[in-house]
Amino acid sequence: MDPQEARRILDEERERGLSMIASADSSEALDAAKVGVLGRKSRFSQVQRALGSFDPEDRKRLGMAANELREALQSALDERSRALAGAEQARLLEGDRIDVTLPGRRLRTGSLHPLTIVEDEMVGIFTRMGYRVEEGPEIEDDWHNFEALNIPPDHPARTMKDSLYVEIPGFLLRTETSAVQIRTMESQDPPVYIVAPGRTYRREAVDATHLSVFHQVEGLAVDEGISFADLKGTLETFARALFGPDRRVRMNPDYFPFVEPGCQVAVSCFKCDGTGCAVCGNGWIELLGAGMVHPKVLENCGIDAERYTGFAFGIGVERVAMVRHGVSDMRMFVEGDVRFLQQFQGAGA
Ligand code: FA5
């Protein structure tokens, strides 16, 4: 290579190098450009190596030109490197950008089961009247479920046809929450004012108004001077609080071995308003049984029936929930269909 050619190469390399650097669009492309313009195999390095063979005058002149070119290329490389790093940073920031104006993703929350909501509501009405909440076992013995409740040995409820027995002799799944009346009176002296919500079991043909596993809220008040008028007033207050003034309430005589007199309470059907339809049959939906606690029951629990009187009631939670929410088939409460259950989202405590 002669000095003339060296000069030409330096000029060409300036143009080619600056354009390669300017068009490098990533740090990898820029590294490749650096090797291409200043690396050991570059034409620039060939010129440098040739300098030693030139006479001193040319060596000095072309050496200075080569140094000046290296500095120019290096500073172009540095500048491009800074620009690429800035662009990279901006790209990362853009990718990570959080748009705080986007609507949030809603968490799907669970909710209370409609029967729980209604049961809480029912219990709330009584606790506000001063009643305490009691609980009893779902597997009961014969004494608490039948005998102490004055249910005679030949009563149909005692047969395998109507009750669900467990394998331990003398025990069964309680057929009504009335068993909690006995447990309460056995362990507490009057005055007693309790409600006992819970699950009950019967061997029952399931239909729109009957399940074989259902819920009741039992009530019991034992005190001096309690009369049937107190029972009536209490149940009317309960019905008004739950159903408002639109539903008519009807009280009919009924028989339960553990009360005397006994009655049942029904409300006018929410669907037909008392004229009779497929939901209710005769225009009324029976909600509860009630009555004055039989003196024998008080005595079975060691309470002086001469001094104390009491009333009791057992309300069906599913029936109340049907009337409260206009549900025409109580099986919907236990089928677990989310479309049905979702309608109660946000209700209750
Ligand atoms: C009783 O269970 C009595 N223990 C109620 C009672 C308590 C009377 C205290 C006197 C004193 P009955 O079997 O009628 O009574 O049931 C009471 C309520 O439970 C019914 O009015 C109804 O609302 C509900 N119920 C009864 N059977 C079922 C069933 N298979 N499915 C859903 N709800 C039912």
Side-chain angles (χ1 to χ4, degrees), residues 115 118-119 122 126 131 134 136 140 144-146 148-151 155-158 161-164 172-185 192 194-222 226 228 230-232 234-235 238-239 242-243 249-267 269 279-281 284-298 309-324 327 329-334:
L115 292 178
V118 169
E119 189 178 281
M122 292 165 68
F126 289 108
Y131 285 68
E134 278 289 341
E140 257 308 354
H144 291 98
N145 199 86
F146 293 132
L149 284 167
N150 200 29
I151 297 175
H155 193 280
R158 289 210 182 200
K161 201 176 123 303
D162 289 299
S163 299
L164 291 155
L172 76 162
L173 297 175
R174 67 178 173 196
T175 54
E176 47 206 314
T177 43
S178 299
V180 188
Q181 286 184 39
I182 304 301
R183 291 187 174 273
T184 306
M185 288 190 282
V192 167
I194 61 113
V195 278
R199 207 174 282 143
T200 48
Y201 303 82
R202 286 180 201 177
R203 200 182 278 264
E204 187 97 68
V206 170
D207 61 26
T209 52
H210 293 86
L211 296 175
S212 50
V213 180
F214 59 101
H215 298 78
Q216 292 185 333
V217 172
E218 191 80 11
L220 172 71
V222 181
I226 290 213
F228 198 88
D230 296 316
L231 170 61
K232 200 160 177 258
T234 305
L235 292 178
F238 166 76
L242 259 192
F243 305 121
V249 180
R250 184 186 78 174
M251 199 175 237
N252 276 353
D254 203 351
Y255 172 73
F256 301 94
F258 36 94
V259 290
E260 181 56 38
C263 63
Q264 55 140 293
V265 174
V267 291
C269 175
V279 176
C280 59
W284 297 87
I285 296 178
E286 184 203 313
L287 294 185
L288 64 97
M292 299 303 291
V293 182
H294 199 293
K296 264 200 195 160
V297 175
L298 293 174
T309 50
F311 65 71
F313 52 83
I315 316 169
V317 176
E318 283 78 1
R319 297 270 177 90
V320 169
M322 285 175 79
V323 178
R324 184 88 169 88
V327 175
D329 191 326
M330 70 165 65
R331 285 170 290 197
M332 296 183 103
F333 291 121
V334 291

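The structure displayed is predicted, hence computed values, not measured ones. One-based numbering, in listed order, for ligands and for the atoms of each. The figures here come from the full heavy-atom set of this structure, side chains too, leaving out hydrogens, waters and symmetry mates.
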Close-range residues for ligand 1, whose non-hydrogen atoms fall below the 4.0 Å threshold: E176, S178, Q181, R202, E204, T209, H210, L211, F214, Q216, E218, F256, F258, V259, E286, L287, L288, G289, A290, A312, F313, G314, G316, R319, M330

Can you check whether F214's main-chain N or O pairs, donor with acceptor, with T200's side chain at less than 3.5 Å? yes

Once the angle between the rings of F238 and F243 is folded into 0 to 90°, is it parallel (under 30°), tilted (30 to 60°) or perpendicular (over 60°)? perpendicular

Could you pull out all residues at least two apart from R324 that satisfy salt bridge (charged side-chain N to carboxylate O under 4.0 Å, His left out)? E121

What distance do I194 atom CD1 and T184 atom OG1 have between them, rounded to the nearest 0.5 Å? 4.0 Å

Measure centre to centre between the rings of F126 and F313, then say whether the value is under 6.0 Å. yes

One thing to verify: whether E318 and R331 come together as a salt bridge, which I'm taking to mean a side-chain N less than 4.0 angstrom from a carboxylate O. no

